[in-house]
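Let me begin by presenting the structure, written as C-alpha cells, before commenting on it.
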Amino acid sequence: MIHCSLVDEELLAKLAALPVAVDMQPQFVQGEYQAELSRLGEERAQGLHPLKSLLDRGLIVAGGSDAPIEVPNPLHGIYAAVTRRNFGESHDGYNPHEKISRFEAVRLYTVGAAEIIGQQLMRGKIAEGFAADFTILQEDVFTVEMEQLPHIQVACTVVNGQIVYENR
C-alpha cells in the first residue's frame with residue numbers, strides 16, 4: 001500500500017489483519033498537514049500520516065520520499081518521522097502521538113525498505129551473508145542535535161561491496 005495517509009481505528013484494525021506492507025512518505029506531514037487539517041478538521045486529522053499507529057500494529061512499513069514530490073534524501077524523512085514538523089519549527093509536532101524514535105525512523109529506510117520488496121533475508125542491515133549496501137555518514141544520526149540531522153553529509157556509499165561515492 002502506498003501513502004496510507006489517513007486512517008481511523010477501524011481501518012487500522014483491517015490493515016493489521018491483512019498481509020499488507022505500507023510504503024510511507026514521512027515528509028508528507030511537513031508540507032501537507034496544515035492544508036489537510038483545514039479540510040478534515042481536528043478530529044479526523046488525528047489519523048493523518050499514522051507512522052506509529054502502523055508500527056504499533058505490527059505492519060511492515062518502509063520509508064520513502066515519493067521523489068520528485070519530496071526531497072529524496074532519507075535524512076529529511078527521518079527528521080520528519082521523529083519530529084513531525086517542518087525544518088526550523090519548534091512546536092511538539094503535528095499529531096505528536098504519531099512520532100517515532102530515531103531507531104524506528106532509520107529502520108523504515110533500511111529493514112523496512114528491504115521487507116517491503118521481499119529482500120529482508122539479503123538486504124536492509126549490515127550482517128554476514130547480506131548485500132554490502134550501506135552509507136557512512138559524517139555524524140551519528142542517533143546522537144547529533146535533531147536540527148542538524150537533515151544536514152549530515154555523506155562520507156561514503158557502498159553498493160554490493162563496491163564504493164560508489166566518496167566525499168573527499
Please test Tyr33 against His49 for ring-ring contact (aromatic ring centres under 6.0 Å, His included), starting from the C-alpha separation and ending with a verdict. CA-CA 9 Å; Tyr33 189 84; His49 312 294; 7.2 Å; no
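- The main-chain N or O of Pro50 is never found under 3.5 Å from a side-chain atom of Ser53 such that the two would form a donor-acceptor pair.
- A salt bridge links Glu147 with Arg85: the distance from a Lys NZ or Arg NE/NH1/NH2 to an Asp or Glu carboxylate oxygen falls below 4.0 Å.
- For the pair Pro150 and Phe87, the minimum side-chain heavy-atom distance is below 4.5 Å.
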Could you walk me through whether Leu6 and Arg44 pass the side-chain contact (heavy atoms from CB on, under 4.5 Å) check? CA-CA 8 Å; Leu6 180 62; Arg44 192 153 178 237; 3.6 Å; yes
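- Taking 4.5 Å as the limit, some side-chain heavy atom of Leu15 sits within range of a side-chain heavy atom of Cys4.
- With hydrogens and angles ignored, the 3.5 Å screen pairs a side-chain donor or acceptor of Asp133 with a backbone N or O of Asn160.
- Remark: the Tyr94 side chain and the Glu32 side chain contain no N/O donor-acceptor pair separated by less than 3.5 Å.
- Taken together through direct or relayed side-chain contacts under 4.5 Å among Ile, Leu, Val, Met, Phe, Trp and Tyr, Met24 and Val82 form part of one hydrophobic cluster.
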Residue pair Val29, Leu48: steps toward the side-chain contact (heavy atoms from CB on, under 4.5 Å) verdict: CA-CA 8 Å; Val29 76; Leu48 280 170; over 6 Å; no
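- Using a 4.5 Å cut-off on side-chain heavy atoms (C-beta onward), Ile136 and Phe134 make contact.
- The environment of CD in Glu145 is crowded: more than 12 heavy-atom neighbours from other residues, nucleotides or ligands sit within 6.0 Å.
- Residues Met1 and Leu54 fall within the same hydrophobic cluster, defined by Ile, Leu, Val, Met, Phe, Trp and Tyr side chains chained together at heavy-atom separations under 4.5 Å.
- Looking only at distances, a side-chain donor or acceptor of His91 sits under 3.5 Å from a matching main-chain atom of Gly93.
- Smallest separation of non-hydrogen atoms from Pro26 and Ala80: O-CB, 3.4 Å.
- At least one side-chain heavy atom of Ile163 sits under 4.5 Å from a side-chain heavy atom of Val158.
- There is a path of hydrophobic side-chain contacts, each under 4.5 Å, that joins Tyr79 to Leu75.
- In this structure, a donor-acceptor pair under 3.5 Å is absent between the side chains of Glu70 and His76.
- Gln27 has its side chain within reach of Ser65: a pair of non-hydrogen atoms, C-beta onward, lies under 4.5 Å apart.
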Derivation and outcome, salt bridge (charged side-chain N to carboxylate O under 4.0 Å, His left out), residues Asp92 and Arg84: CA-CA 8 Å; Asp92 197 31; Arg84 294 186 62 89; over 6 Å; no
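- At a threshold of 4.5 Å between non-hydrogen side-chain atoms, the residues Leu55 and Arg107 do not count as touching.
- Annotation for Ala45 and Leu37: closest pair CB-CD1, 3.6 Å, computed over non-hydrogen atoms.
- Under a hydrophobic-cluster definition in which Ile, Leu, Val, Met, Phe, Trp and Tyr are linked whenever side-chain heavy atoms come within less than 4.5 Å, directly or via other members, Tyr109 and Val144 are assigned to the same cluster.
- At least one side-chain heavy atom of Ile100 sits under 4.5 Å from a side-chain heavy atom of Leu108.
- Remark: the backbone N or O of Val141 is paired with a side-chain donor or acceptor of Arg102 at under 3.5 angstrom.
- Looking at Glu9 and Lys14, no side-chain N of the basic residue comes within less than 4.0 Å of a carboxylate O on the acidic one, giving no salt bridge.
- In the hydrophobic clustering of ILVMFWY residues, with side-chain heavy atoms under 4.5 Å counting as a link, Leu51 and Phe103 come out together.
- With contacts defined as side-chain heavy-atom distances shorter than 4.5 Å, the pair Gln138/Val154 does not qualify.
- Judged purely by atom type and a 3.5 angstrom limit, Glu166 has no side-chain atom pairing as donor or acceptor with the backbone of Thr157.
- In this structure, the side chain of Glu89 engages the main chain of Asn86 through a donor-acceptor pair within 3.5 Å.
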